[in-house]
Amino acid sequence: MKNFDAVSHIKGKSIYIDDYPLPEGTLHAVVFDSKIAHGKIVNLSLEKAKVSKGVSAILTAKDIPSENQIGGIIEDETLLAEDEVHFIGEPIAIVLADSVTNARKAVKEIEIEFEELPIITNPREAFSKNSLIAPPVTFSSGNVSDAWNNCDTIIDGTIDSGGQEHLYLETQGAISIPIEGNKIKIISSTQSPTGVQRKAAKVLGVPMHQVEVDVLRLGGAFGGKEDQATVWGVLSALAAFILDKPIKLVLSREDDLRMTGKRHPYSSDYKMGLTKDGKILAYEVTFYQNAGAVADLSTAVLDRTLFHATNCYYIPNVKATGISCKTNLPPNTAFRGFGGPQGMFVIEAAIVKAASALGLQAYDIQRINLLKNNDLFYYGQKVENSQAISSWDSAVNLFNSKELIEKKNKFNKNNSLFKKGISFMPICFGISFTSSFLNQASALVHVYTDGSVGISTGAVEMGQGVNAKIATAASKIFSIDITKVKVESTNTTRAANTSPTAASSAADMNGNATILACKQILNRLIDFARTELNASEEDDIKIENEKVFINGEASNLIWSDLISKAYFGRISLSAQAYYRTPEIYFDRDINKGSPFAYHVYGTAISTVTLDVIRGTYKFDSVKIMHDFGKSLNRNIDIGQVEGALVQGIGWMTIEEIRHSANGKLLANTLSTYKVPDIYSIPKEIEVKFLENSENRFGPFNSKAIGEPPFMYGIGAYFAILDAMNSVRPNKEFEISAPLTPEKVLLALYS
Ligand code: LUZ
Ligand code: MOS
């Protein structure tokens with residue numbers, strides 16, 4: 001089974017926002033944004049722009065009919081700036097014209113004067129000035145202050161990780177169409193159709209049933225459209241509502257790079273105490289999160305950093321504090337891993353430092369601290385079905401890590417111009433939204449009279465293959481060929497009050513809802529077939545491969561006839577079902593609970609060759625033992641692991657988001673912001689399926705896949721660091737991610 005859209009993607013027939021045929025009279029929107037990072041607007045003059053060629057209207061905050069507010073978790077985000085701007089790229093006005101070109105020309109005619117205010121771009125500076133998104137949050141267990149006395153070694157340090165551009169192939173955008181009766185239909189490139197609907201209704205001052213959001217598919221998202229698609233959807237809806245015209249708003253790549261938030265950069269302080277044989281007794285960490293100018297999802301992202309601060313290790317005494325710092329950058333947002341990678345990176349850095357202090361190898365410390373069943377995560381959840389040790393040990397055995405290490409050592413003995421490095425990266429990622437209420441989903445299933453099936457859920461297809469997985473689940477329940485199943489667009493009139501497609505959990509939750517809905521219909525069909533075949537209550541009726549069986553023997557009733565007969569027999573062929581993840585809870589008063597349905601585990605072994613003269617590096621191989629549960633679709637899942645790994649490597653190595661001191665994005669094109677390409681990805685990526693992993697929370701025992709493998713990429717950083725240690729064995733490197741070739745070179749020779 002391939003991804004559903006493979007053929008239409010390759011033929012260029014898949015439709016994205018920019019491809020929709022437009023209704024007559026559609027106006028094109030271009031956003032006018034702030035050119036300074038912090039200041040008061042003292043004068044905004046639209047006169048010249050309004051008479052520019054082809055312009056129909058220019059809208060500002062004053063034109064908003066109801067509330068100028070789109071903040072999701074905290075209500076601190078205006079749709080259009082009022083008197084003050086807080087980051088470069090903040091929307092101030094929206095120009096509507098007969099073409100994109102004319103709208104762009106008019107944007108240049110808008111005159112604005114600012115009174116500049118002080119700019120903060122660094123989270124620690126923000127903290128020192130008490131510029132915070134929310135009060136600091138601390139999770140803890142045991143007692144770190146007491147534990148330090150029992151440690152043989154205590155190390156501490158500071159380490160930073162950088163931002164990351166989502167670089168979805170399809171930029172942000174939406175088309176809004178006015179419909180009779182003051183209704184608006186928004187075709188949006190969003191992970192959160194309900195989010196767009198809710199905010200559009202609020203801004204327009206209409207009930208939610210007046211706003212319909214439809215999503216066919218996204219050209220990638222990676223978290224960048226969990227919250228930040230809303231701005232563009234609502235802006236287009238605002239213009240459609242006021243002007244009573246269809247509106248198309250698609251960001252150019254340049255606008256998208258400048259206006260949208262990225263992965264949160266973090267600066268973190270850590271302290272770790274261990275016994276002399278490497279058992280971690282205590283870990284204390286403070287995370288300074290660079291949130292940007294408004295909250296967006298920052299507090300939720302920070303929660304996940306805290307949940308994953310100990311990665312897959314059992315540590316009895318932990319204190320982790322997260323501080324979401326307000327700076328004058330575009331609001332940083334969800335990005336695959338959602339703060340988890342930032343937390344896991346710090347503890348891995350601490351372990352490497354501890355290893356050198358103790359004269360051990362990092363992998364010795366990693367291995368002896370891995371989580372076992374019935375250990376407690378430091379936030380209180382009991383470890384069940386841990387695959388931390390099994391995935392580590394099978395990686396070590398299957399990939400023969402001993403030999404990989406010996407080869408590396410031999411190579412390094414014999415070469416001075418190139419050095420090899422190796423790293424082990426075990427992962428553990430919690431599955432469920434950390435905001436428990438979001439863990440709900442629904443499905444609407446129709447069987448049509450010819451036996452074909454249409455399914456609507458809240459899941460958004462963004463290239464990750466969720467539609468193929470949902471269709472697989474339905475085809476298994478009905479035991480019909482998958483070509484009979486279609487997964488429809490995601491639409492707020494067919495699936496209401498949906499959670500964003502995020503947290504790796506869309507296939508789990510919407511798949512489970514689909515299974516429940518299909519089972520309702522199946523039960524009706526079985527009862528109907530029993531009557532139809534004059535069978536008794538004791539007879540066992542089953543549908544298998546589109547045939548009805550009585551007591552294991554095929555009858556002459558096939559699927560399509562059964563459906564047609566059921567219709568004439570007035571049996572309902574539709575069902576709606578609701579699923580909520582059972583057993584999860586988290587108590588925010590004490591920051592303890594069991595917030596995740598389950599965890600995904602795995603281990604990656606990465607090897608790299610460093611060019612000692614140039615500071616450049618090439619990854620020889622990344623070998624991964626991953627815990628898929630019972631995969632619903634092996635091809636899709638391998639694709640997710642490979643893609644996530646490479647994206648993780650990019651974050652750790654060459655992707656560098658840089659801003660000037662006045663808050664301007666410097667890496668603002670794809671020539672200055674480099675993402676991994678076919679030349680920089682590992683020469684070999686080997687992905688193995690961990691055996692004997694079950695998961696009662698996933699459809700047909702599958703496990704969530706989207707985010708966990710991103711964190712294998714963290715191994716890239718430590719593999720390079722290992723190679724650097726072979727070049728300068730006695731040097732303590734004070735460096736941070738991304739570990740660009742420039743930084744490697746400077747660190748080696750300064
Ligand atoms: N989004 C969210 C997420 O709202 N809550 C989460 O816990 C989460 N986790 C991962 C990715 N997106
Ligand atoms: Mo996400 S980081 O939108 O699962």
Side-chain angles (χ1 to χ4, degrees), residues 70-74 77 133-134 137 139 164 166 168 190-196 198-199 218 220-230 261-264 289 291 295-309 311 322 324 331-344 377 379 381 427-441 458-460 462 464 466 497-510 580-581 584-586 588 591 593-600 640 644 647-648 651 697 703-711:
I70 57 165
I73 300 177
I74 299 173
E77 185 175 1
I133 296 288
V137 183
F139 288 11
Q164 186 176 27
H166 301 85
Y168 25 67
T190 180
Q191 290 171 250
S192 183
T194 293
V196 174
R198 188 182 290 125
K199 294 304 169 200
L218 318 185
F222 309 112
K225 297 169 181 172
E226 179 174 342
D227 211 50
Q228 298 211 352
T230 301
K262 324 285 176 213
R263 179 184 295 284
H264 294 79
Q289 179 198 53
D296 190 278
L297 291 162
S298 295
T299 51
V301 169
L302 190 62
D303 280 344
R304 200 173 264 282
T305 303
L306 296 175
F307 284 119
H308 293 83
N311 190 8
S324 186
N332 288 317
T333 192
F335 195 142
R336 204 175 199 168
F338 205 73
Q342 290 95 321
M344 286 160 63
F377 286 98
Y379 48 85
Q381 179 155 359
I427 60 149
C428 168
F429 196 77
I431 303 302
S432 290
F433 286 90
T434 59
S435 305
S436 297
F437 73 92
L438 289 173
N439 296 292
Q440 51 177 317
V460 169
M462 49 182 119
Q464 87 282 42
V466 70
N497 309 327
T498 58
S499 295
T501 291
S504 307
S505 57
D508 276 16
M509 293 199 301
N510 294 282
R580 57 177 180 171
T581 312
I584 50 172
Y585 68 94
F586 193 69
R588 294 273 160 190
N591 288 328
S594 205
F596 300 115
Y598 61 93
H599 289 78
V600 172
Q640 286 292 304
Q647 201 167 34
W651 172 54
F697 295 97
K703 278 198 166 184
I705 191 68
E707 296 172 287
F710 179 90
M711 280 143 281

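Counting convention: from 1, in listed order, for ligands and their atoms alike. Only heavy atoms go into these numbers, but all of them, side chains included; no hydrogens, no water, no symmetry mates.
- Partners of R580 according to the salt bridge (Lys or Arg N to Asp or Glu O under 4.0 Å) rule, which considers only residues two or more places apart in sequence or in another chain, do not exist here.
- In this structure K199 satisfies the salt bridge (Lys or Arg N to Asp or Glu O under 4.0 Å) test with no other residue, sequence neighbours excluded.
- F307 has its ring centre no less than 6.0 Å from the ring centre of H599.
- Interface of A502 with ligand 1, defined as ligand atoms under 4.0 Å from a residue heavy atom, comprises 12 (N).
- Residue A334 does not touch ligand 1, judged by heavy-atom distances below 4.0 Å.
- In this comparison of E707, R336, E226, the heavy atom closest to atom 4 (O) of ligand 1 sits on E226.
- Only the side chain of F338 comes within 4.0 Å of ligand 1, counting heavy atoms alone; its backbone N, CA, C and O stay farther away.
- F710 and W651 have their aromatic ring centers within a separation under 6.0 angstrom.
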